[in-house]
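This report refers to the structure that appears directly beneath it.
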Amino acid sequence: MKKLKYINLDLLIFFFNKNFWFSFLKNINKEYGIPNINAQNILIEFVSANPTGPLHVGHCRGAVFGDVLSNLFIYAGNKVTKEYYVNDYGNQIDIFVESVYKRIIEIINHDPFPINSNLYPGQYIIDIAQNIIRKKKINNFDNYQSIKKDLSDLSIKEAMILIKQGLKSIGITHDCFVYETEIVKKDLINKAINKLSKNNYIYEGYLPKPKSVNDKDWVKRKQLLFKSTLFGDDEDRALKKFDGTWTYFANDIAYHDYKIERKYDKYINILGADHAGYLKRISSSVDALQKNVKFKCKVTQLVKLFKSGKPYKMSKRAGDFIELKDLVSAVGKDAVRFMMVYRNTDSQLDFDFDLVTDKSKDNPVFYVQYATARINSLFRKLKLNINDEIQNVDLTLIKDKHEINIIKKISEWPHVIDLSTKNLEPHRIPYYLYELSSYFHTYWNMGKNDDSFKIIENDNKELANARIYLIKKIYSILEKGLNILNVAVLKEM
RNA sequence: GCGUCCGUAGCUCAACUGGAUAGAGCAUUUGAUUUCGGCUCAAAAGGUUAAGGGUUCGAAUCCUUUCGGACGCACCA
């Protein structure tokens with residue numbers, strides 16, 4: 001230690017000398033950055049988009065966020081189950097299936113598809129219709145009511161194929177798909193509601209009129225309610241509809257009870273901004289179902305698309321939204337993944353099509369990948385395998401301030417991992433990788449201006465060896481970080 | 001009207017969750033390099049952290065009020 005500065009009661013500041021940093025660098029091993037924690041069994045639910053069509057850009061942020069978070073937890077030594085809840089039940093599915101039906105009839109009988117109805121018009125509905133006709137599981141489409149159940153199953157199956165393709169295109173695979181119809185079929189709803197009932201969390205009562213509803217359309221009605229206000233929600237929530245069937249929320253309580261029954265150490269839900277209002281209610285129900293359960297919801301804010309600095313508008317109603325797979329084919333999986341977690345999920349994200357395909361240092365994805373490519377080129381030049389250990393290093397030859405700063409930057413890595421994991425904030429990783437890359441590129445450029453800073457091209461073999469050792473440590477962290485992001489580590493570009 | 005999130009340099013965002021002089025990139029200015037004013041490099045400048053009030057040794061961070069923005073607010077999913 002070089003010196004110790006006293007600021008006040010709680011703050012001590014340490015200044016380390018160079019030898020500290022050398023021995024620090026020496027001690028970096030394969031486990032460097034992995035927190036020393038007890039392994040946990042974590043269930044993380046994300047995407048969970050309705051099976052009524054392919055994924056679009058709006059789903060993308062939550063999808064990548066959940067996946068990176070999973071990788072992060074795995075890296076930190078935990079066991080992770082990535083789960084997708086399939087809402088294959090209820091009104092929206094009915095509308096979807098009817099849309100597919102009308103498209104089938106349009107294709108077979110040339111009856112035009114009813115525009116301006118509540119049905120989904122999109123091209124993907126036509127594709128699904130064609131697939132169903134082609135696969136010939138149903139031979140006669142004349143009577144909608146009689147084939148409704150089969151058509152529904154087939155349509156959902158087709159939609160799930162599209163969704164899984166979209167996920168695959170950005171490198172995401174879920175471990176587990178839980179279908180809402182299964183929850184209903186197994187009668188898990190009664191089971192969960194009984195659980196709540198036993199604790200007196202359920203009653204018959206009245207809800208106040210919502211502000212967004214007209215007086216005319218509002219009928220005061222006694223209904224079955226869950227006391228979510230006991231757990232911090234703004235209102236108690238309805239469990240049964242006017243026709244006596246369960247609400248979506250009741251089914252979701254059952255689903256979360258099913259999660260709890262499977263006994264994980266920790267549960268994480270990733271929700272889109274448009275479902276943020278749902279958060280209190282679902283966490284209330286989880287608290288009510290089981291005391292002291294570790295359950296966290298994370299909301300990802302919207303993504304705004306830009307092209308050359310101008311907003312890129314799209315409308316779901318008109319059916320012209322951008323599908324995830326279109327985004328990926330336009331800018332590539334790496335760019336999508338990197339940029340989607342580059343920012344804190346609490347803030348809205350601007351995603352510029354042009355910037356992420358730019359081959360320049362303005363593009364953070366390129367910049368980080370360029371660093372790994374440059375480092376690889378050094379090893380190629382030396383005819384060294386980048387994975388081999390470097391022997392007999394004399395690190396005291398590293399003297400420059402910038403080199404010491406690189407070591408300091410490297411020392412931040414475990415903290416980045418720790419904060420990202422604890423606070424569910426993986427944006428720190430790409431941000432850090434960008435900074436570390438920036439340190440590396442500056443180092444590289446120092447050699448361009450001054451030969452004595454050339455990493456390998458100088459007469460001093462010992463010095464070159466020490467520098468290569470340092471560079472390799474940078475590389476191993478970039479590699480770890482990119483692996484967590486599931487962004488390619490490029491050997492050359 | 002209510003709820004959630006956000007407001008930090010001209011722009012897009014960080015800031016180790018309450019700690020030092022609030023940091024990066026773009027844009028700007030200056031210089032270097034390049035037989036290109038375009039690529040690259042180096043440096044400078046840029047801030048009352050939306051505004052007011054409070055909490056304490058100490059606040060961008062916590063509390064409160066106001067203003068501004070996004071999203072949501074049926075028995076839909």
Side-chain angles (χ1 to χ4, degrees), chain A residues 5-13 15 48-52 58 85-96 118 180 207-214 217-219 221-225 232-235 237-252 271-281 297-304 306 309 339 342-352 355 358-364 367 411-420 422-423 425 427-428 430-432 434-435 437-439 441-442 444-450:
Chain A
K5 191 172 169 186
Y6 177 79
I7 303 286
N8 61 39
L9 293 173
D10 300 327
L11 181 64
L12 290 175
I13 294 171
F15 292 86
S48 295
N50 290 344
T52 56
Y85 181 45
V86 187
N87 298 125
D88 57 339
Y89 190 84
N91 264 335
Q92 303 215 357
I93 292 295
D94 293 345
I95 295 170
F96 165 62
N118 278 332
E180 188 176 1
L207 283 179
K209 183 184 83 69
K211 292 279 182 201
S212 58
V213 175
N214 289 329
D217 303 337
W218 171 249
V219 186
R221 197 175 67 82
K222 200 173 193 185
Q223 54 194 339
L224 195 66
L225 300 172
D233 199 359
D234 311 307
E235 264 172 30
R237 302 292 173 176
L239 296 169
K240 272 193 176 172
K241 299 189 232 176
F242 66 90
D243 62 0
T245 60
W246 296 111
T247 59
Y248 171 81
F249 178 50
N251 287 4
D252 215 19
L271 302 172
D274 51 343
H275 291 90
Y278 193 70
L279 195 148
K280 277 186 184 172
R281 148 180 5 173
C297 290
K298 196 82 184 171
V299 171
T300 57
Q301 291 298 324
L302 296 183
V303 177
K304 284 189 283 184
F306 285 81
M339 294 311 290
Y342 192 44
R343 301 301 187 196
N344 192 328
T345 47
D346 287 342
S347 301
Q348 295 192 4
L349 177 82
D350 290 351
F351 188 96
D352 196 307
L355 175 64
D358 200 10
K359 295 261 180 291
S360 81
K361 68 184 274 290
D362 299 353
N363 174 5
Y367 197 60
S411 76
E412 291 173 19
W413 171 246
H415 201 213
V416 169
I417 291 296
D418 187 43
L419 285 173
S420 304
K422 267 189 195 145
N423 304 318
E425 291 174 345
H427 72 276
R428 291 164 191 280
Y431 200 84
Y432 172 82
Y434 180 80
E435 286 180 327
S437 300
S438 162
Y439 275 59
H441 287 303
T442 302
W444 175 288
N445 288 323
M446 282 163 68
K448 276 171 136 183
N449 298 331
D450 179 348

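Residue numbers begin at 1 in each chain, while the letters A, B, ... track the order of the sequences. The figures that follow rest on heavy atoms only: side chains count, while hydrogens, waters and symmetry mates do not.
- Positionally, the nearest nucleotide of RNA chain B for Arg343(A) lies more toward the 5' end than for the other of Tyr89(A) and Arg343(A).
- Figure legend. G3(B) is base-paired to C71(B); pairs are counted as Watson-Crick or G-U wobble with both atom distances under 3.5 Å.
- On a pure distance criterion of 3.5 Å, no polar donor-acceptor pair joins the side chain of Asp350(A) and the base of U12(B).
- Remark: the Tyr342(A) side chain and the G25(B) base include no donor-acceptor N/O pair separated by less than 3.5 Å.
- Note on Asn344(A): only backbone sugar-phosphate atoms sit closer than 4.0 angstrom, heavy atoms only; bases stay farther off.
- Contact annotation: Arg428(A) side-chain N/O to A15(B) OP1/OP2 distance is under 4.0 Å.
- Taking atom P in both C16(B) and G53(B), the straight-line distance is 26 Å, to the nearest Å.
- One interatomic measurement links the two molecules: CG of Asp346(A) to C1' of G69(B), which rounds to 15 Å at whole-angstrom precision.
- Computed from coordinates, the Asn363(A) CG to C13(B) P distance equals 16 Å when rounded to whole Å.
- Going from the P atom of G3(B) to that of A59(B) covers 29 Å, rounded to whole Å.
- Taking atom CG on Asn50(A) and atom P on C76(B), their separation rounds to 13 Å, with Å as the unit.
- Remark: C26(B) base-pairs with G10(B). Criterion, Watson-Crick or G-U wobble with two distances under 3.5 Å.
- Remark: the separation of the P atoms in A44(B) and C62(B) is 33 Å, to the nearest Å.
- The same atom, C1', is picked in A20(B) and in G1(B); the two are 45 Å apart, to the nearest Å.
- Nucleotides A60(B) and U17(B) have their P atoms positioned 15 Å apart, rounded to a whole Å.
- Tyr278(A) places its OH atom 22 Å from the P atom of C71(B), with the value rounded to the nearest Å.
- Set against A70(B), C5(B), A77(B), the side chain of Gln348(A) has A70(B) as its closest nucleotide.
- Between Asp234(A) and His275(A), it is Asp234(A) whose nearest contact on RNA chain B lies nearer the 5' terminus.
- When the C1' atom is used for both G37(B) and A32(B), the distance is 15 Å, rounded to whole Å.
- Between the C1' atoms of U28(B) and U35(B), the separation comes to 28 Å (whole Å).
- Listed candidates were C71(B), G25(B), A77(B). Nearest to the side chain of Asp274(A) is C71(B).
- Here A70(B) is the nucleotide among C41(B), A70(B), A77(B) with the atom lying nearest to any side-chain atom of Leu302(A).
- Between C16(B), A70(B), U12(B), one nucleotide has an atom nearer to the side chain of His415(A) than all others, and that is C16(B).
- Applying the 90° criterion around 0 to the glycosidic angle, U34(B) comes out anti.
- The side chain of His427(A) places an N or O atom within less than 4.0 Å of a non-bridging phosphate oxygen (OP1 or OP2) of A15(B).
- Lys280(A) comes within 4.0 angstrom of the backbone, heavy atoms only, and of no base.
- Phe351(A) has its CZ atom 19 Å from the C1' atom of C11(B), to the nearest Å.
- In this structure, NE2 in His415(A) is found 8.0 Å from CZ in Arg428(A), a value given to the nearest 0.5 Å.
- Residue contacts shown for Gln301(A) are limited to sugar-phosphate atoms, with no base heavy atom under 4.0 Å away.
- At a threshold of 4.0 angstrom between heavy atoms, the contacts of Thr442(A) are confined to the sugar-phosphate backbone, with no base atom among them.
- Among the nucleotides U17(B), A24(B), C76(B), the one closest to the side chain of Asn423(A) is U17(B).
- Nearest to the side chain of Ala273(A), among C71(B), C76(B), U17(B), sits C71(B).
- Taking 4.0 angstrom as the limit, Lys241(A) places a side-chain polar atom (N or O) nearer than this to OP1 or OP2 of C76(B).
- Nucleotides G18(B) and U55(B) have their C1' atoms positioned 12 Å apart, rounded to a whole Å.
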